[in-house]
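Notes follow the structure.
Order of the sequence lines fixes the chain letters, A, B, ..., with proteins taken first and strands second; residue numbering starts at 1 for each chain.
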Protein chains: 2
Amino acid sequence: MSTAQGAMGARARARIEVTAAIKDEARGQLAAEGAAKLSLRAVARELGMTSSALYRYFPSRDDLLTALIIDAYNSLGHAAEVAYEAAADTGPARRWTVVCEAVRDWALAHPHEYALIYGSPVPGYTAPQDTVPAAARVAYVFVGILRDAHRGAGLAKPALPADLRPEAHRMAADLAPDLPPEAVTALVAAWAELFGLVGFEVFGQFNRVVEDREAFFRHAAERLAHAAGLVFS
Amino acid sequence: MSTAQGAMGARARARIEVTAAIKDEARGQLAAEGAAKLSLRAVARELGMTSSALYRYFPSRDDLLTALIIDAYNSLGHAAEVAYEAAADTGPARRWTVVCEAVRDWALAHPHEYALIYGSPVPGYTAPQDTVPAAARVAYVFVGILRDAHRGAGLAKPALPADLRPEAHRMAADLAPDLPPEAVTALVAAWAELFGLVGFEVFGQFNRVVEDREAFFRHAAERLAHAAGLVFS
DNA sequence: GTCTATAGGCGGATAGAC
DNA sequence: GTCTATCCGCCTATAGAC
């Protein structure tokens, strides 16, 4: 209890605030220069501190990067969870669309953080295992939707060719042992395809191709729901 | 005719060779450091020339980057076209799968060039219009497949909600006026979704999730063919 | 926790000689 | 076309004083 908010010393509070300020400024630089060029010195300069002082908060550039990645995954995961909860009284298919739109909205609002977690890997940087739980949050929202549908008997079993059967069972055992492997396999594909749609929009591949992107995306997301086995009632 | 290969002077030939060497070395650096950190100096150092000499071939770092981007788009487009031709005597649905697999193979063989054209945009760089024709090549291979199917009456009209109808007609008029807008719309979505699958694999999002990626991809690509309106006969 | 100073690099781009 | 020299900037990271 000595570490609870109320009992926190001024020192500890200051540390948290400075840490947050560093991450905020670093996020700003992400936009201007990209993750590959994220520089502790530039962050320090902008914050009016010396670069060496920053090393007391983040022992290296990569640690700062890791913190930003975890924050981004959590921010996206949180947005998806909130959308899921907000659509709690609708059917799974509708919930799917709402969560997809939340993912898209988040990505459009945070393009550089989106690039950080779903864009090209940062050369020379390998994400530590700490990022995995945060990264899994969005995915598990979609698993939850499938589970809802399964409970309500609103989950179809998509077709599955014989050569994919072993892999399907392996994935289902890993991700959602309570769901049919056919549906889990279809979900994984739909998950990647969803981020294909979002990535193309965020990274500008739809420029001069798709104009009414909102309507286009809504329709595509609904088709993905079908592909994942969700039944519109 | 004075610029034809046979009549080319030693000077011109040397220029072409050096230009190619520069681009090759730059592609190597793309892998090591990423596009954001592509450095004319480092390329020159590795080639045993001075940095200033390089400016005679590429007036700036961004021009070198543009050349690499165009090359990458053309390389991918060429791979797709070759796969298309090779499958000329099969049905459109089969041809679709073959081209999808060619795209995936190319991406896995050239991950850094893939990142250059379909990954996060390079901060501070905006691609000139010169890249557009090269970028369109892959897309037009897919349009060609749809056209083949349309001629053979093997093209279904996917459903289209009313609010997407204007956009669908606009896209069809732009991309393929001879094809049904429903199919063109579905194709654009499938196109983005395909690159979502490929990108997730190339960028490592499938690590510890999908093991048998080839079988997984083949099945997903076939489902995309269906979504785009292709009928398996 | 913050500073100065320092080591030992790196970069883009240009001028002017040959 | 290639070189040297140069301008002016940038970076990660550490040591040691306060």
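L64(B) comes within 4.0 angstrom of nothing in the nucleic acid, heavy atoms only. Residue-level contact check: Y55(B) touches the bases, meaning some heavy atom is under 4.0 Å from a base atom. The residue R11(B) sits apart from the nucleic acid: no heavy atom pair falls under 4.0 Å. Using a 4.0 Å heavy-atom cutoff across all strands shown, L54(A) reaches no nucleic acid atom at all.
In this structure, CG of D62(B) is placed 13 Å from C1' of dA13(C), rounded to the nearest angstrom. R41(B) has its CZ atom 16 Å from the P atom of dC11(D), to the nearest Å. Between L65(A) atom CG and dT12(D) atom P there is a gap of 12 Å when expressed in whole angstrom units. The distance from atom NZ of K37(B) to atom P of dC10(C) is 13 Å, rounded to the nearest whole Å. Between D63(A) atom CG and dT12(D) atom C1' there is a gap of 13 Å when expressed in whole angstrom units. When the C1' atom of dC10(D) is taken as reference, atom CD of E33(B) falls 15 Å away, rounded to whole Å. Atom OH in Y125(A) sits about 15 Å away from atom P in dT12(D), given to the nearest Å. Rounded to an integer number of Å, the gap from CZ of R45(A) to P of dG9(D) is 11 Å.
E113(A) contributes atom CD, which lies 5.0 Å from atom CH2 of W106(A) (distance to the nearest 0.5 angstrom).
For R61(B) against dG12(C), no side-chain N or O and base N or O form a donor-acceptor pair under 3.5 Å. Remark: the S52(A) side chain and the dT4(C) base include a donor-acceptor N/O pair separated by less than 3.5 Å.
Of the candidate nucleotides dC11(D), dC3(D), dT2(C), dC3(D) has the atom lying nearest to any side-chain atom of M49(B). With dT2(D), dG1(C), dC11(D) as the candidates, the nucleotide lying closest to the side chain of A53(B) is dT2(D). Set against dT4(C), dG12(C), dC11(D), the side chain of T50(A) has dT4(C) as its closest nucleotide. Looking at the side chain of S60(A), the nearest of the listed nucleotides dA13(D), dA13(C), dT4(D) is dA13(D).
Salt-bridge check for D71(A) with R27(A): passed, with a basic side-chain N closer than 4.0 Å to an acidic carboxylate O.
Nearer the 5' end of DNA chain C, as judged by each residue's closest nucleotide, is the contact made by R56(A), out of R56(A) and V43(B). Between A42(A) and R15(B), the one whose closest nucleotide on DNA chain D sits nearer the 5' end is R15(B).
When the shell of 6.0 Å around CD of E214(B) is examined, it contains 12 or fewer heavy atoms from other residues, nucleotides or ligands.
Side-chain contact of Y125(B) with T66(B): a donor-acceptor pair under 3.5 Å is present, judged by distance alone.
Looking at T185(A), its side chain does come within 3.5 Å of a backbone N or O of P181(A) through a donor-acceptor pair.
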